[in-house]
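I have placed the structure first, in the form of C-alpha cells, so that the comments after it can refer back to it.
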Amino acid sequence: MANRGPSYGLSREVQEKIEQKYDAELESRLVNWIIVQCGEQIEHPPPGRQHFQTWLMDGTLLCKLINSLHPKGNEPIAKISESKMAFKQMEQISQFLKAAEIYGVRTTDIFQTVDLWEGKDMAAVQRTLMALGSLAVTKDDGCYKGDPSWFHRKAQQNRRGFSEEQLRQGQNVIGLQMGSNKGASQSGMTGYGMARQII
C-alpha cells in the first residue's frame, strides 16, 4: 500500500463519507459469490474492509472471476500472474476492468485501479462487482454459478413493433394528456389582476 499519512480537514471528511458507503453485508455476499464462481479452493478472508481489499488487491481473483464468466477457451485474460510486484498486480486489476467493460459493465459503474490498490473507495469496488454479478445473472448463458438471488436481473430491452395501420389509427385518438374542452366554461372567472369576489 502507498505510504500516506493521516488526512485532516476536508480530505478526512470526504474519506469518511466514502467509507460510510461500504456495505459489510454486501461484502459477505460478494466473497461467497467469488469463491463459488471461481470454483477453486479459495480461502475465505476474515470479514472487514481491510481484509476484503487485501484479498482482491493482487488482481488474480478478479481475473479468475471474469474468466469464469466466459466459456472455456474464450477467456478474456490469457495469462494470470501470481507476481508480488506492485505494477504487475495493478496491471492485472486494469485487465479485469477492461474485460468487465467489454463484458457489458457500464463505464460509470467501474472503479479506478487506485480505489482497490490503495483502498481509497472500496464501495466503488463493491458497485463494480455487483454490476458484474447482475450482468452475469441477466445474460443467463450458463457461465454464472451461485445463487441467482444474490444479484438483481437487469431490465431487458422490450422493443414493440406496430404495423402502419396501427400507427395511423393512433393518430386519430386524442390522448388524455392533450386535455379536452368538454364541460369547460369561464363562469365564475374574474379578470386577471382583480380581487376574488367572496359572497
Side-chain angles (χ1 to χ4, degrees), residues 1-2 18-19 21-45 47-157:
M1 288 216 246
I18 289 170
E19 288 173 4
K21 293 179 182 177
Y22 186 82
D23 186 349
E25 188 179 313
L26 178 58
E27 173 201 310
S28 171
R29 188 179 344 150
L30 290 171
V31 166
N32 289 334
W33 175 55
I34 291 169
I35 290 172
V36 170
Q37 184 67 41
C38 291
E40 298 176 16
Q41 292 298 326
I42 299 169
E43 196 172 313
H44 210 284
R49 178 190 358 243
Q50 193 74 38
H51 297 296
F52 187 59
Q53 178 205 359
T54 307
W55 191 58
L56 296 175
M57 200 168 95
D58 65 354
T60 54
L61 273 177
L62 294 174
C63 291
K64 287 176 183 177
L65 175 66
I66 197 73
N67 279 351
S68 71
L69 293 172
H70 292 79
K72 280 270 189 248
N74 200 18
E75 291 95 349
I77 301 170
K79 187 178 179 209
I80 300 173
S81 170
E82 300 276 342
S83 175
K84 299 290 180 206
M85 290 190 289
F87 76 93
K88 279 285 189 191
Q89 294 177 350
M90 291 177 87
E91 186 181 314
Q92 284 196 151
I93 295 170
S94 297
Q95 285 179 323
F96 162 77
L97 295 174
K98 283 182 197 145
E101 193 170 355
I102 292 167
Y103 189 72
V105 178
R106 291 183 313 186
T107 313
T108 53
D109 288 337
I110 292 181
F111 67 88
Q112 302 286 310
T113 304
V114 292
D115 291 338
L116 173 57
W117 178 253
E118 295 181 4
K120 287 191 173 192
D121 191 356
M122 289 304 291
V125 175
Q126 286 184 324
R127 276 194 309 275
T128 302
L129 292 172
M130 277 299 292
L132 184 65
S134 292
L135 261 174
V137 167
T138 305
K139 283 189 177 189
D140 199 20
D141 55 4
C143 293
Y144 175 82
K145 298 174 193 133
D147 189 347
S149 68
W150 285 342
F151 302 100
H152 64 275
R153 288 187 181 273
K154 293 201 173 276
Q156 297 289 324
Q157 185 177 13

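The chain is numbered in sequence order, starting from 1. Atoms considered below: every heavy atom in the structure, side chains included; atoms not considered: hydrogens, waters and symmetry mates.
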Determine whether Arg29 and Leu26 satisfy the following criterion, side-chain contact (heavy atoms from CB on, under 4.5 Å), listing intermediate values before the conclusion.
CA-CA 5 Å; Arg29 188 179 344 150; Leu26 178 58; 4.1 Å; yes
Compare every heavy atom of Gly104 with every heavy atom of Leu135, then report the nearest pair and how far apart it is.
CD1-C, 3.1 Å
With distance as the sole test, does Lys139 use its side chain to make a donor-acceptor pair with the main-chain N or O of Tyr103 at under 3.5 Å?
yes
Main-chain N/O of Met130 paired with Trp33 side-chain donor or acceptor, under 3.5 Å:
no
Whether Asp115 side chain and Gln112 backbone form a donor-acceptor pair below 3.5 Å
yes
How about NZ on Lys88, more than 12 heavy atoms from neighbouring residues, nucleotides or ligands closer than 6.0 Å, or not?
no
Got a donor-acceptor contact below 3.5 angstrom from the Thr128 side chain to the Phe111 backbone?
yes
Using only atom types and a distance under 3.5 Å, with no angle test, would you say the side chain of Gln92 pairs donor to acceptor with the backbone of Ser81?
yes
side-chain contact (heavy atoms from CB on, under 4.5 Å) evaluation trace for Phe96 with Leu132
CA-CA 11 Å; Phe96 162 77; Leu132 184 65; 3.9 Å; yes
For Gly133 against Tyr144, the heavy-atom pair lying closest together:
O-CE1, 4.4 Å
Hey, is the main chain of His70 close enough, under 3.5 Å, to the side chain of Glu75 for a donor-acceptor pair?
no
Just to verify, what does Ser28 make a side-chain hydrogen bond (donor to acceptor under 3.5 Å, both in side chains) with, not counting sequence neighbours?
none
Does Arg106 offer a backbone N or O that forms a donor-acceptor pair with the side chain of Glu101 under 3.5 Å?
no
Return yes if some donor-acceptor pair links the side-chain N/O of Gln89 with the main-chain N/O of Ser83 below 3.5 Å, else return no.
yes
